[in-house]
Chemist: 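What follows is a single structure, and I will ask about it in a moment.
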Amino acid sequence: MEQIPDRCEFHPGDTIYGNDNTYRIEKQLGEGTFGIVYKVTDSSSNTRALKLLKLWTVPPEVYKGLRDRFIMEFKTGQIESNYLAHSFAYGDVKNNPYFVMEFCPNGDLRSYVTNNRVDFTQVGTDILCGLRDLHSHGKVHRDLKPENVLLRKDNTAVLTDFGIAGDQNKRMTERGLAGKPKQVFGTYPYMPPEQVNPPRGGKATVLPTTDIFSFGVMMYEMMVGKLPFGELERDEHLPKYLDNGKRGIWDRNALRNVDPTGAWTAVIERCLVPDYKQRISSANDVINMLPHSGAGTRPQPIPEPIPDYMTVRNGILLRVMQGDDYGTVYKLDDFINPRHRIITIGHVSDDVYNDISIQDNEYFVSRRHCTIEYDDMRNSWILRDGQWRMNCPIALRRQSGCMDCTSWCTPLMKQQYGSGWRNSLNGTYLNSDEVDIWGTYIKPGDIITIGDVKLRVEGY
């Protein structure tokens, strides 16, 4: 049972006692609806930032949801990357959770651009490397904007505020946990059209292309000094701004005035494509498009070691990277036998059997969402959207299906059972590409997105 949190008010000179460290409050950096951020000094004289979740300000029924999201933000900050603000420690004070993260003395990107001469290619490379590392771990930032990019002492740009990374439940008018209140329209200035008006209605599947669009908006704003799709100072400006984004109408001439070579214009043009299926979808692809920096060369990202999961020794597994079953592992070979070579994936349900049942409290995962099939000819796995829905062993979810069951039905099967393949309600995605009935082969490092759940394909 969740304990009732007490009100916390800390002032310069106060001390927070953690399990293995103490933190002396230096000053408050910012405050939002749910959180306060302090500059602190730990017992080893390291300067850190401490983010405190104000659970005492919310009703008990939302304690668990906020705490879970806060823990996920802390864990996201532990991803090994030179371009993400690092999380160091997690704890509770008076039943309010906090975590300690690195302190970036040069502030956020908005204030830094205001007060300094900026090499936008270098900054853009750093930001894209942070997105690359998030995306490879099944995370989408979803709130990329200048305030959520911090500058270290050496001017390396790092991403922060992962509180809604991949989270469908974010209300756009909330203030950020990072401290300062958001702008009046929250993340709307940086949101892609498919998030504002989901193509299938309801909620939109969150893909890396969401962050790519936000990157384009942010870099335009930092270079030009205004948002790309028009004014956004008052309530009445919002519909026109969003409509311009949906139609791809933005002030290219203003960008060309500060980009005489047109190199950045070409990059941002690809990022701001309204249709996410046509938009550039990989952070690495954007990096490769960036112009040379002021020094005459394109900045090279710090190389990351090739992770062990990219090597297949014994087989392939799926690891839940985002969702209620976070951390769960499914070894695909464990589901295969001589008479059963497909794996069905869908929402947990009493009346539908799936080999892999996904817990999804938002019911954004279909009960019969997708299928993974072993291809003997290519010794590979293929991912298909949808499943059988007819009177055959697989459709009835019996444990032992037809040896030849696939997404293509033989004439005999059609005559005996009738055709019945059905796609999912919300789509299946591999990295940023939508998968159809014909399927796409998967490989280590791929991210499968079904609803609000992300699974990484890994070798073991």
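What you see is a predicted model; the values in this text were computed from it and never measured.
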Chemist: For Asn82 and Val158, work out which heavy atoms get closest and say how close.
Modeler: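 That would be O-CG1, 3.7 Å.
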
Chemist: For Asn96, enumerate each residue passing the side-chain contact (heavy atoms from CB on, under 4.5 Å) test, keeping only those at least two apart in sequence or located in another chain.
Modeler: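 Counting only residues at least two positions away or on another chain, Asn96 forms a side-chain contact (heavy atoms from CB on, under 4.5 Å) with Pro5, Cys8, Leu52, Leu55, Trp56, Lys94.
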
Chemist: Inspect the surroundings of NZ in Lys246 and state if more than 12 heavy atoms from other residues, nucleotides or ligands are less than 6.0 Å away.
Modeler: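 Open.
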
Chemist: Tell me every residue that passes side-chain contact (heavy atoms from CB on, under 4.5 Å) with Asp334, counting only those two or more places apart in sequence or in another chain.
Modeler: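 Counting only residues at least two positions away or on another chain, Asp334 forms a side-chain contact (heavy atoms from CB on, under 4.5 Å) with Lys331.
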
Chemist: Under 6.0 Å from the CG atom of Asp20, do we count more than 12 heavy atoms belonging to anything else shown?
Modeler: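 No.
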
Chemist: Starting from the C-alpha separation in whole Å, work towards a yes-or-no answer on ring pair (Phe, Tyr, Trp, His ring centres under 6.0 Å) for Trp264 and Phe120.
Modeler: CA-CA 9 Å; Trp264 266 105; Phe120 285 107; 7.1 Å; no

Chemist: Just verifying a value: how many Å separate Asn426 CG and Glu434 CD, rounded to the nearest 0.5 Å?
Modeler: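 The CD atom of Glu434 is 10.0 Å from CG of Asn426, to the nearest 0.5 Å.
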
Chemist: Could you label the plane-to-plane angle of the His141 and Phe162 rings as parallel, tilted or perpendicular, counting under 30° as parallel and over 60° as perpendicular?
Modeler: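 Ring orientation of His141 relative to Phe162: perpendicular.
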
Chemist: Could you state the interatomic distance from NE2 (His369) to CG (Asn423), rounded to the nearest 0.5 Å?
Modeler: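 One gets 9.5 Å once the value is rounded to the nearest 0.5 Å.
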
Chemist: Go through the steps for Phe70 and Phe99 under the test ring pair (Phe, Tyr, Trp, His ring centres under 6.0 Å), then give the verdict.
Modeler: CA-CA 9 Å; Phe70 198 66; Phe99 67 81; 4.9 Å; yes

Chemist: Taking atom CG of Asp333 and atom OH of Tyr460, what is their separation to the nearest 0.5 Å?
Modeler: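 Taking CG in Asp333 and OH in Tyr460, the distance rounds to 4.5 Å.
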
Chemist: With the threshold set at 4.0 Å, does a side-chain nitrogen-carboxylate oxygen contact exist between Glu73 and Lys51?
Modeler: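 Judged by the 4.0 Å cut-off on N to carboxylate O distance, Glu73 and Lys51 do form a salt bridge.
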
Chemist: Among Leu318, Leu332, Thr371, find the one that has a side-chain contact (heavy atoms from CB on, under 4.5 Å) with Ile343.
Modeler: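 One option only clears the test, and that one is Leu332.
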
Chemist: List the atom of Val348, the atom of Ser357, and the distance in Å for their closest heavy-atom pair.
Modeler: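 Where Val348 meets Ser357 most closely, the heavy atoms are CG2-CB, 3.7 Å.
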
Chemist: State whether the side chain of Ser44 and the backbone N or O of Asn46 hold a donor-acceptor pair below 3.5 Å, judged by distance alone.
Modeler: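 Absent.
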
Chemist: Give a yes or no answer on whether the side chain of Thr428 reaches the backbone of Asp385 with a donor-acceptor pair at less than 3.5 Å.
Modeler: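 Not a single qualifying donor-acceptor pair exists.
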
Chemist: To the closest 0.5 Å, what do you measure between CD1 (Ile372) and CD1 (Ile342)?
Modeler: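 Those atoms lie 10.5 Å apart.
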
Chemist: Salt-bridged, Asp308 to Arg313, with N to O below 4.0 Å?
Modeler: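 The answer is yes: the pair qualifies as a salt bridge.
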
Chemist: Can we say Arg378 and Asp375 salt-bridge, meaning some charged N sits less than 4.0 Å from an Asp/Glu carboxylate O?
Modeler: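 Result for this pair is no, no salt bridge flagged.
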
Chemist: Let me confirm one number: the CG-OG distance from Asn354 to Ser349, rounded to the nearest 0.5 Å.
Modeler: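 OG of Ser349 is found 8.0 Å from CG of Asn354.
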
Chemist: Would Asp355 and Thr344 count as a side-chain hydrogen bond (donor to acceptor under 3.5 Å, both in side chains) if you check the C-alpha gap in whole Å, the side-chain angles of each, and the deciding distance to 0.1 Å?
Modeler: CA-CA 5 Å; Asp355 297 294; Thr344 54; 3.1 Å; yes

Chemist: Start with the C-alpha distance between Tyr112 and Asn155, add both sets of side-chain angles, then the distance that settles side-chain hydrogen bond (donor to acceptor under 3.5 Å, both in side chains), and finish with yes or no.
Modeler: CA-CA 9 Å; Tyr112 186 78; Asn155 290 331; 3.2 Å; yes

Chemist: More than 12 heavy atoms of other residues, nucleotides or ligands under 6.0 Å from CD of Glu80: yes or no?
Modeler: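 Atom CD in Glu80 is not crowded, with 12 or fewer foreign heavy atoms closer than 6.0 Å.
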
Chemist: Which heavy atom of Lys39 sits nearest to which heavy atom of Leu29, and what is that distance?
Modeler: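 It is N-CG, 3.7 Å.
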
Chemist: In chain order, what residues pass the salt bridge (charged side-chain N to carboxylate O under 4.0 Å, His left out) check against Glu269, with sequence neighbours excluded?
Modeler: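 Partners of Glu269 by the salt bridge (charged side-chain N to carboxylate O under 4.0 Å, His left out) criterion, ordered by chain and then number, come out as Arg252.
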
Chemist: Taking the six-membered ring for Trp, are Phe213 and Phe229 parallel (under 30°), tilted (30 to 60°) or perpendicular (over 60°)?
Modeler: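 Phe213 vs Phe229 ring planes: parallel.
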
Chemist: Verify whether one side chain among Asn148 and Thr160 offers a donor that lies under 3.5 Å from an acceptor in the other.
Modeler: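 No, because no side-chain N or O of Asn148 sits under 3.5 Å from a partner of the opposite role on Thr160.
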
Chemist: Would you please say whether a donor-acceptor pair under 3.5 Å links the side chains of Ser43 and Asn21?
Modeler: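 Looking only at side-chain atoms, Asn21 and Ser43 do form a donor-acceptor pair, the distance falling under 3.5 Å.
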
Chemist: Could Arg48 and Glu102 be called an ion pair, given the rule that one side-chain N must be under 4.0 Å from one carboxylate O?
Modeler: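 A salt bridge is absent here (no side-chain N lies under 4.0 Å from a carboxylate O).
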
Chemist: Check this for me, if you would: do Glu194 and Arg279 make a salt bridge, where the nitrogen-to-carboxylate-oxygen distance has to be below 4.0 angstrom?
Modeler: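 Yes, Glu194 and Arg279 are salt-bridged.
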
Chemist: Examine distances only and state if a side-chain atom of Gln387 and a backbone atom of Cys370 form a donor-acceptor pair shorter than 3.5 Å.
Modeler: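 Such a contact is found between Gln387 side chain and Cys370 backbone.
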
Chemist: Mind checking whether Tyr23 and Tyr98 have parallel, tilted or perpendicular rings, split at 30° and 60°?
Modeler: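 Perpendicular.
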
Chemist: With salt bridge (Lys or Arg N to Asp or Glu O under 4.0 Å) as the test, would you mind laying out the steps for Lys145 and Glu221 before giving the verdict?
Modeler: CA-CA 10 Å; Lys145 59 183 180 179; Glu221 181 188 16; over 6 Å; no

Chemist: What heavy-atom pair brings Gly315 and Val312 nearest, and what distance separates the two atoms?
Modeler: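 Closest approach of Gly315 to Val312: O-CG1, 3.5 Å.
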
Chemist: For Arg142, is there an ion pair with Asp161 - N to carboxylate O distance below 4.0 angstrom?
Modeler: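 Arg142 and Asp161: not salt-bridged.
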
Chemist: So if I apply the side-chain contact (heavy atoms from CB on, under 4.5 Å) rule between Ile345 and each of Val365, Ile356, Leu455, which one comes out positive?
Modeler: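 In the set Val365, Ile356, Leu455, the residue that makes a side-chain contact (heavy atoms from CB on, under 4.5 Å) with Ile345 is Ile356.
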
Chemist: Side chain of Ser214, backbone of Thr210: donor and acceptor closer than 3.5 Å?
Modeler: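 Answer holds: yes.
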
Chemist: So, for Trp381 and Tyr441, is the gap between ring centers shorter than 6.0 Å?
Modeler: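 Ring centroids of Trp381 and Tyr441 are no less than 6.0 Å from each other.
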
